[in-house]
Amino acid sequence: VARLWDGLEDRVVEEGGELWPLRNALHSLLWSHSQGYVYHVKAIGGVHVTRAHADDPNGLTPMRVLDADEQRRALQFVLEAFDSSVLADFPKELLDKAIPERHWDWGTTFNPGVARFNYPLHDIMTGLRTLILDFTFLPERLARIRDNAFRTDDANPFTLAELYSGFTDKIFENVMSGSVPADSFQRALQIEYVNRLIVHATGSLSVSNRLIDGWTGGDPVGIHPSPSRAVPGVTEARTQAFSELQRIHQAI
């Protein structure tokens with residue numbers, strides 16, 4: 001995706017043609033970029049699955065916990081999605097040209113006539129990042145990380161504490177070091193993360209039921225998912241979330 005930003009306009013807009021295809025191209029590339037991180041989330045708390053039968057000649061079993069170091073490498077990769085430099089190569093000059101298509105036909109997409117006229121980059125980026133957050137903190141994944149720590153023979157298994165502290169250290173990196181957030185993208189991300197920690201720690205339905213501005217004026221990938229619900233049965237996740245809220249509060 002980083003390589004595709006350069007020369008994007010020349011590739012998607014005909015000479016003298018309308019500029020609205022740029023908006024679709026920006027959507028597609030930002031979405032593809034975020035999906036690269038989502039695919040790696042599966043390795044966090046991951047389990048190798050095979051169709052092994054009893055007495056497999058290679059000693060295979062239907063399930064085997066992913067090595068802790070593999071899970072840690074996956075976590076570090078996923079956290080790159082929340083780095084303040086993630087948009088360093090984004091062609092800002094195209095934002096003045098990324099208008100919506102306003103003539104509906106079978107070849108148009110993204111709800112023409114409904115979308116905000118200016119490209120909602122902040123809403124799009126926040127929506128995509130919170131999507132990664134919600135995939136990572138699915139209740140089933142949290143329960144699997146807790147159980148895997150017991151099942152594995154790793155001397156230093158991957159734990160829920162590593163997961164929560166890793167996200168806090170990345171998303172609040174500036175605040176933890178005594179400086180202000182890097183930019184408005186980071187501030188928006190911090191709000192979304194704290195909302196989710198509150199839900200994890202308290203099970204507050206008043207927070208978990210609140211949608212953060214559903215559709216962003218017709219741009220679907222800008223949806224802000226509602227914060228994940230409380231984690232039933234994974235009490236360790238609740239205590240970890242509360243601990244992270246305390247850390248963030250002290251740093252602020």
Side-chain angles (χ1 to χ4, degrees), residues 1-5 26-50 62-90 121 124-149 151-154 156-173 176 182 185-186 188-190 192-197 199-200 220-229 231 234 236-237 240-241 244:
V1 169
R3 292 196 301 270
L4 290 173
W5 290 131
L26 294 180
H27 272 312
S28 297
L29 291 180
L30 289 173
W31 175 258
S32 296
H33 183 262
S34 71
Q35 289 305 290
Y37 296 107
V38 169
Y39 294 143
H40 276 71
V41 167
K42 293 191 295 182
I44 302 173
V47 176
H48 281 294
V49 178
T50 71
M63 292 181 289
R64 179 175 62 82
V65 175
L66 204 64
D67 292 341
D69 287 342
E70 291 184 70
Q71 296 185 60
R72 292 186 179 105
R73 286 197 297 272
L75 174 62
Q76 292 308 310
F77 180 80
V78 170
L79 291 178
E80 290 179 13
F82 307 100
D83 196 275
S84 57
S85 64
V86 75
L87 286 175
D89 298 321
F90 183 84
L121 182 61
I124 297 289
M125 285 301 298
T126 303
L128 291 174
R129 284 169 149 183
T130 53
L131 192 64
I132 299 171
L133 273 179
D134 286 341
F135 268 113
T136 304
F137 287 92
L138 285 173
E140 180 186 349
R141 193 181 319 283
L142 299 179
R144 198 161 59 237
I145 292 172
R146 176 201 58 188
D147 294 344
N148 285 354
R151 290 171 54 191
T152 183
D153 291 329
D154 274 318
N156 184 25
F158 184 79
T159 64
L160 284 172
E162 290 182 73
L163 179 70
Y164 278 95
S165 63
F167 272 85
T168 299
D169 290 342
K170 170 57 73 173
I171 294 173
F172 279 88
E173 184 175 11
M176 291 296 177
F185 293 97
Q186 203 71 7
L189 175 62
Q190 290 170 350
E192 295 292 340
Y193 179 59
V194 167
N195 279 342
R196 282 152 178 76
L197 287 180
V199 172
H200 292 184
V221 291
I223 296 174
H224 294 207
S226 61
S228 303
R229 291 186 177 275
V231 188
V234 190
E236 185 180 350
Q240 290 296 336
E244 295 309 303

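Note that the structure is predicted; figures quoted are calculated from it, not measured.
One N or O on the side chain of Ser34 and one on the backbone of Trp31 form a donor-acceptor pair closer than 3.5 Å.
Nearest heavy-atom pair, Ile145 versus Gly45, reported as atom, atom and distance to 0.1 Å: CG1-CA, 3.5 Å. Residue Val78 comes nearest to Tyr37 through the heavy atom pair CG2-O, 3.7 Å, listed as atom of the first residue, atom of the second, then distance. Of all heavy-atom pairs spanning Ser85 and Asp83, the tightest one is OG-OD1, 2.6 Å. The two residues Lys170 and Leu79 have their closest heavy-atom pair at CG-O, 3.6 Å. Scanning both residues, Glu162 and Leu75, for their nearest heavy atoms gives O-CD2, 3.9 Å. Heavy-atom minimum distance, Arg144 versus Val47: CD-CG2, 3.8 Å.
For the atom pair Gln190 CD and Thr126 OG1, the distance stands at 11.0 Å (nearest 0.5 Å). For the atom pair Leu160 CG and Ser165 OG, the distance stands at 10.5 Å (nearest 0.5 Å). Atom CZ in Arg196 sits 11.5 Å away from atom CZ in Phe167 (nearest 0.5 Å). Remark: His27 NE2 to Ile124 CD1 distance equals 5.0 Å, nearest 0.5 Å. Distance check, rounded to the nearest 0.5 Å: OH of Tyr39 to CD of Gln35 gives 5.0 Å. We find the CZ-CE distance between Phe185 and Met125 to be 6.5 Å, quoted to the nearest 0.5 Å.
Between Thr136 and Ile132 there is a side-chain heavy-atom pair separated by less than 4.5 Å. Side-chain contact check for Leu29 versus Phe90: every heavy-atom pair is 4.5 Å or farther apart. You'll find the side chain of Leu163 reaches within 4.5 Å of the side chain of Leu142, heavy atoms only. The shortest side-chain heavy-atom distance between Leu26 and Leu121 does not fall under the 4.5 Å cut-off. Counting only heavy atoms from C-beta outward, the side chains of Val41 and Arg141 approach each other to under 4.5 Å.
Aromatic rings of Tyr193 and Phe82 (six-membered ring for Trp) have centroids beyond the 6.0 Å cut-off, not under it.
If you check the side chains of Glu244 and Thr168, you find a donor sitting under 3.5 Å from an acceptor.
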*Decide side-chain contact (heavy atoms from CB on, under 4.5 Å) for Asp154 and Val65; before the verdict, give the C-alpha distance in whole Å, the side-chain angles of both, and the deciding distance to 0.1 Å.*
CA-CA 10 Å; Asp154 274 318; Val65 175; 5.8 Å; no

*Taking it one step at a time, do His48 and Leu66 satisfy side-chain contact (heavy atoms from CB on, under 4.5 Å)?*
CA-CA 6 Å; His48 281 294; Leu66 204 64; 3.0 Å; yes

*After noting the C-alpha distance and the side-chain angles of Gln76 and His40, does the key distance pass the side-chain contact (heavy atoms from CB on, under 4.5 Å) rule?*
CA-CA 10 Å; Gln76 292 308 310; His40 276 71; over 6 Å; no

*salt bridge (charged side-chain N to carboxylate O under 4.0 Å, His left out) between Asp69 and Arg72: does it pass, once the steps are laid out?*
CA-CA 5 Å; Asp69 287 342; Arg72 292 186 179 105; 3.3 Å; yes

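Screening His200, Glu236, Gln240 for a side-chain hydrogen bond (donor to acceptor under 3.5 Å, both in side chains) involving Tyr164 leaves a single residue, His200.
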